[in-house]
Protein chains: 2
Amino acid sequence: MFKNMPKETLYEFARQAVPCVGFNTRRATRLITQYYDKALAPAGLRSTQYSLLTLLAMMGEAPMQEVAYVLAMDRTTLTRNLNPLLRQGLVKVTVGSDRRARPLALTPKGQSTLEKALPLWQAAQSRIVDAIGAEQWEAMMRGLHQISMIVEEDL
Amino acid sequence: MFKNMPKETLYEFARQAVPCVGFNTRRATRLITQYYDKALAPAGLRSTQYSLLTLLAMMGEAPMQEVAYVLAMDRTTLTRNLNPLLRQGLVKVTVGSDRRARPLALTPKGQSTLEKALPLWQAAQSRIVDAIGAEQWEAMMRGLHQISMIVEEDL
DNA sequence: GTCAAATACGTGTATATACACTCATTATGT
DNA sequence: ACATAATGAGTGTATATACACGTATTTGAC
């Protein structure tokens with residue numbers, strides 16, 4: 001019975017059973033995403049939605065192509081991810097001088113939602129970074145970027 | 001225009017724009033999953049499916065509850081993830097002495113599919129681990145497990 | 001200037017993910 | 001033994017993800 005096992009032992013079992021980079025990152029990402037989802041729920045945002053709003057706030061008005069590229073996300077996935085944000089009126093899609101492009105931008109409501117979410121995110125983020133330490137977190141980021149670059153060569 | 005940027009610069013921009021643990025792990029996981037998906041395609045498996053088959057092979061006949069727990073995956077997600085594997089006849093669902101439980105087990109076809117996939121996975125895995133080094137990979141695993149334990153306290 | 005190539009985007013389909021709710025079966029307190 | 005709680009699992013719904021394919025617009029070669 002795994003449920004009586006300490007988490008550390010369970011993780012070790014899973015890692016031994018499936019010693020795959022992809023499996024272990026996906027597994028951790030499931031947990032981490034749930035954690036931020038829960039933290040951001042009072043603002044009515046999911047993890048992905050918070051990330052997207054934040055990126056749009058930083059990028060300003062930008063065509064979908066560019067946004068998807070920075071997200072390392074399929075263009076069509078971005079289209080779907082926008083739907084809940086459009087329905088809630090947090091993001092607006094306009095048309096630029098190039099009438100093919102669809103520049104995205106935050107609405108005032110999107111801006112205020114983001115401001116409401118910021119302290120929630122900050123608390124969740126700090127809880128992790130404070131626990132593992134900034135150096136450890138920086139090292140993890142470097143590792144994830146390193147792996148990302150390796151795998152992108154094969155896509 | 002981000003497309004002319006070196007990847008390293010792009011990643012750094014994304015990390016600065018959205019300095020969130022969840023965002024950065026999700027972003028990397030998207031790329032890594034695509035990479036393994038591509039590598040495993042000749043065996044007709046997606047990354048998640050390969051992981052699940054491997055875990056079932058290691059666990060032997062086990063009730064869904066247990067499998068989901070080891071995967072750190074919602075029980076109902078496991079139900080859905082089984083569908084393509086059941087349709088392809090790679091996994092079978094039986095009924096045990098406790099008629100509520102649904103013990104899962106690989107079929108012979110599931111076993112042979114896994115054997116076909118193994119060298120494909122090994123090649124993809126080695127490409128990453130050889131590039132970053134075993135120590136770096138071990139450190140990443142420890143970091144992911146550490147973060148997983150922290151966030152699980154809040155779920 | 002015209003027409004093919006390139007570009008920006010959306011849709012159909014399939015898998016991956018989780019929550020709320022429901023159903024069937026087993027365990028338990030009296 | 002029986003009523004109730006606890007347990008194991010499935011479904012409805014919504015979001016997240018990517019590929020194959022199609023549409024509209026712009027670029028560029030001539």
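Side-chain atoms are counted along with the backbone in the values below, which use heavy atoms only and exclude waters and symmetry mates. Just so it is clear: chains get the letters A, B, ... in the order the sequence lines come, proteins before strands, and each one is counted from 1.
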- hbond_proxy B/R87 side chain to C/dT15 base (donor-acceptor, 3.5 Å cutoff): no
- Item | Point-to-point distance, once rounded to the nearest 0.5 Å, from CE of A/M141 to OG of A/S148 | 8.5 Å
- Item | Side-chain-base donor-acceptor pair under 3.5 Å for B/R26 and C/dT17 | no
- Report yes or no: do B/R26 and A/S51 form a side-chain donor-acceptor pair below 3.5 Å? yes
- Note on the structure: Between the NZ atom in A/K92 and the CZ atom in A/R102, the distance rounded to the nearest 0.5 Å is 15.5 Å
- Query: Nearest to the side chain of A/M64, which nucleotide is it out of C/dG10, C/dA18, D/dG10?
  - Reply: C/dG10
- Where the side chain of B/Q65 is defined as all heavy atoms beyond and including C-beta, which of C/dC19, D/dG8, D/dC19 is the nearest nucleotide? D/dG8
- Between B/L55 (CG) and C/dA16 (C1'), how many Å, whole number? 16 Å
- Message: With a 3.5 Å cut-off and heavy atoms only, can you find an N or O donor on one side and an acceptor on the other between the side chain of A/T76 and the base of D/dC19?
- Response: yes
- Contact class for A/R99 (heavy atom, under 4.0 Å): base, sugar-phosphate, or nothing? sugar-phosphate
- Query: Has A/R30 got a side-chain N or O lying under 4.0 Å from the OP1 or OP2 atom of C/dT17?
  - Reply: yes
- Query: Relative to each other, are the rings of B/Y50 and B/W121 parallel, tilted or perpendicular (30° and 60° limits)?
  - Reply: parallel
- Item | Donor on one side chain, acceptor on other, B/Q125 and B/Y36, under 3.5 Å | yes
- Query: B/Q34 side chain N/O closer than 4.0 Å to the phosphate oxygens (OP1, OP2) of D/dT17?
  - Reply: no
- Name the residue closer to the 5' end of DNA chain D, choosing between A/Q88 and B/P63 according to the nucleotide with the nearest heavy atom. B/P63
- Between D/dT17 and A/N81, is there an OP1 or OP2 to side-chain N/O distance shorter than 4.0 Å? yes
- Would you state whether a donor and an acceptor, one from the side chain of B/R75 and one from the base of D/dG10, lie under 3.5 Å apart? yes
- Message: Within the 4.0 Å heavy-atom criterion, would you say B/R46 contacts the bases, only the backbone, or no part of the nucleic acid?
- Response: sugar-phosphate
- Item | Along DNA chain D (nearest heavy atom to each residue), the more 5'-positioned of A/M73 and A/S97 | A/M73
- Item | Any N/O donor-acceptor pair, B/R100 side-chain to D/dT7 base, under 3.5 Å | yes
- Query: Phosphate oxygens OP1/OP2 of D/dA9: is one of them under 4.0 Å from a side-chain N or O of B/T79?
  - Reply: no
- Query: What is the nucleic acid contact for A/T48, judged by heavy atoms within less than 4.0 Å: base, sugar-phosphate only, or nothing?
  - Reply: sugar-phosphate
